[in-house]
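Just below is one structure, and these are the notes that go with it.
The first residue of the sequence shown is numbered 1, and numbering continues consecutively from there. For ligands, and for the atoms within them, numbers begin at 1 and follow the listed sequence.
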Amino acid sequence: MKIGILTGGGDCPGLNAVIRAVVAKAEANGFEVLGIQGGWKGLLERETRPLNYAEAEEIFALGGTILGTSRTNPRKIDNGVATCINNFKALALDALIAIGGEDTLGFAAHLASEGLPMIGVPKTIDNDLLGTDFTFGFDTAVSIATDAIDRLRTTAKSHNRTMVLELMGRHAGWIATFAGIAGGADVVITPEHSMTVDEITAILKQQRQRGKGYNIVVVAEGAEIKGLGNVASEETDAFGHKRLGGIGEQLANAIKEKTALDTRATSLGHIQRGGSPTASDRILSTRYGLFAMELVLKQDFGKMAVLRGNNIEAESLQRVREGIKTVPDEFYAIAKQFFC
Ligand code: F6P
């Protein structure tokens with residue numbers, strides 16, 4: 001049996017740990033693994049290389065992806081879908097494991113509906129994928145963001161400043177909410193729980209009045225704040241997503257204008273996606289990789305590995321096409337309790 005594997009979309013810590021687990025279990029069962037390089041672009045262009053456990057053994061702690069990635073969308077390319085199907089056959093693959101977020105797995109779901117034996121593994125630091133409690137990469141991003149808040153706190157306190165930290169989160173504020181709770185943020189603004197500039201400054205002033213000498217404001221890149229301009233650039237990727245970034249700076253300027261508070265903005269950007277995965281992400285990635293191989297062994301295709309509670313289970317790949325998993329109000333309420 002020959003199994004293809006690819007990583008697509010934005011990279012994230014834990015991708016290599018999934019690859020290692022897949023290769024280990026495949027080799028133990030006498031299967032070949034073919035790495036498809038650069039996401040769907042590699043399948044379109046038949047850019048591949050064989051993977052073996054001797055190479056994959058030590059990659060579990062390595063950030064990024066040894067296979068490379070891209071945001072190539074075959075549906076936006078002439079005959080892209082047909083080329084993928086033909087190349088799948090030409091490469092003599094018996095199954096393809098796609099590791100990705102909504103875009104990569106959305107296309108994997110499409111290929112599954114065209115009859116190809118597809119398996120998905122849910123990845124994204126944003127944790128906004130439907131069907132799974134958590135995606136790998138998220139825990140690492142939250143740890144990095146929490147560390148950033150801890151560091152901003154000491155300098156904010158020394159200078160009596162208001163610090164605005166912009167975190168990733170295009171459609172959902174999972175990283176902002178979790179890091180906001182873990183780091184004790186004074187205000188958290190997310191795409192699901194929008195606020196106006198006046199509401200934000202009212203909270204900050206109230207905190208100063210009760211004697212707090214500084215503030216930490218966390219904002220997700222995809223949040224919309226009434227009273228601020230649009231921060232999305234006109235540039236879109238192949239899946240139609242506009243490039244985000246800049247809301248933190250805009251919010252800091254608005255706070256400065258409306259209050260006398262000495263305010264600074266920091267954007268953590270791709271630092272959240274780089275480097276080594278946390279122990280928790282290494283374990284989740286490893287479990288996902290091994291489970292994906294179990295699905296291959298059972299020939300239970302058209303499925304993805306998901307986390308429910310503490311169990312890894314199978315879910316239809318089609319689930320990712322139904323929308324986005326947002327932060328529940330009850331969870332945001334934990335962060336909100338401290339906006340006082
Ligand atoms: O991986 C998801 C994500 O981190 C989003 O939160 C962010 O908007 C996007 O990727 C940025 O991706 P890139 O700059 O790599 O295209």
request  = Can you run down the ring-ring contact (aromatic ring centres under 6.0 Å, His included) pairs that involve residues 30-66, sequence neighbours left out, and say none if there aren't any?
outcome  = Trp40-Phe107

task = Spell out, as yes or no, whether a donor-acceptor pair under 3.5 Å connects the side chain of Lys303 to the backbone of Met118.
result = no

key: Close residues, ligand 1: non-hydrogen atom nearer than 4.0 Å   = Arg71, Ile125, Asp126, Met168, Gly169, Arg170, Glu221, His270, Arg273

note = Applied to residues 268-277, the side chain to side chain donor-acceptor pair (under 3.5 Å) test, sequence neighbours excluded, yields Asp11-Arg273, Ser276-Arg282

task = Any side chain to side chain donor-acceptor pair (under 3.5 Å) involving residues 287-299? Give me the pairs, sequence neighbours left out, ordered by first then second residue.
result = Lys25-Glu294, Thr132-Tyr288, Arg287-Asn310

message = Would you say that Thr259 contacts Lys205 through its side chain, given a criterion of any heavy-atom pair below 4.5 Å between the two side chains?
response = yes

query = If you look at every heavy atom in Gly4 and Ile36, which pair is closest and at what distance?
reply = CA-CD1, 4.4 Å

